[in-house]
Amino acid sequence: MPFSEALVLFRRLGVQVEAMSPSDFTLAYFALAKRYHPDRNPAFHDLVSSINLARATILNTYRSVP
């Protein structure tokens with residue numbers, strides 16, 4: 001997933017990644033994961049997969065920036 005798509009997904013879900021500290025981003029991610037987890041909402045399986053992929057993309061991008 002491209003970085004820009006990852007940011008757009010989080011923005012649509014109400015998370016402004018650019019304005020957050022890493023710990024705030026982690027808390028926001030876990031809140032989304034809990035809210036949309038397939039065990040609670042089976043219809044959101046694909047959304048949770050996208051959230052996880054977007055999180056990995058964002059974290060990998062931030063780790064590679066010096």
Side-chain angles (χ1 to χ4, degrees):
M1 170 179 285
F3 182 70
S4 60
E5 287 182 28
L7 291 177
V8 168
L9 174 63
F10 274 98
R11 279 189 208 120
R12 278 191 306 169
L13 296 171
V15 178
Q16 296 297 326
V17 176
E18 300 91 342
M20 299 182 130
S21 69
S23 61
D24 288 340
F25 176 68
T26 299
L27 291 174
Y29 162 76
F30 282 117
L32 290 174
K34 184 177 178 181
R35 181 177 181 184
Y36 295 112
H37 195 278
D39 288 345
R40 297 178 116 190
N41 300 300
F44 291 119
H45 183 272
D46 291 334
L47 177 60
V48 172
S49 296
S50 295
I51 290 170
N52 289 333
L53 183 59
R55 175 181 178 254
T57 300
I58 290 168
L59 291 177
N60 287 336
T61 301
Y62 284 146
R63 285 184 189 136
S64 65
V65 175

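Every heavy atom of this structure was used, including side-chain atoms; hydrogens, water molecules and symmetry mates were not. None of the values given here were measured: they were computed from a predicted structure.
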Task: Nearest atoms (heavy-atom pairs only) where K34 meets R40 - done: O-CD, 3.2 Å

Task: Straight-line distance of L13 CG to L47 CG, nearest 0.5 Å - done: 5.5 Å

Open item on the list: Can you tell me how far apart CZ (R12) and CG (L7) are? Round to the nearest 0.5 Å.
Closed with: 12.0 Å

Task: Shortest non-hydrogen separation from Y36 to F44 and the atoms involved - done: O-CB, 3.5 Å

- [ ] State plainly whether one hydrophobic cluster holds both L27 and F30, where clusters connect Ile, Leu, Val, Met, Phe, Trp and Tyr through side-chain heavy atoms under 4.5 angstrom apart.
- [x] no

TODO: For R35, look at atom CZ and say whether over 12 heavy atoms of other residues, nucleotides or ligands are found less than 6.0 Å away.
DONE: no

Open item on the list: Testing V17, L32, I51, T57 one by one against L9 for a side chain to side chain contact (heavy atoms under 4.5 Å, CB included), which residue passes?
Closed with: I51

TODO: List the atom of M20, the atom of V15, and the distance in Å for their closest heavy-atom pair.
DONE: SD-CG1, 3.6 Å

- [ ] Please round to the nearest 0.5 Å and tell me the distance separating atom CE of M1 and atom CG of N52.
- [x] 10.0 Å

- [ ] Heavy atoms only: give me the nearest A6-I58 pair and the separation to one decimal.
- [x] CB-CG1, 3.8 Å

Open item on the list: Suppose we screen for ring pair (Phe, Tyr, Trp, His ring centres under 6.0 Å). Which residues come up paired with F25, at least two apart in sequence or across chains?
Closed with: F10

- [ ] Using a 4.5 Å cut-off on heavy atoms from C-beta on, say whether the side chain of V8 contacts that of R11.
- [x] yes

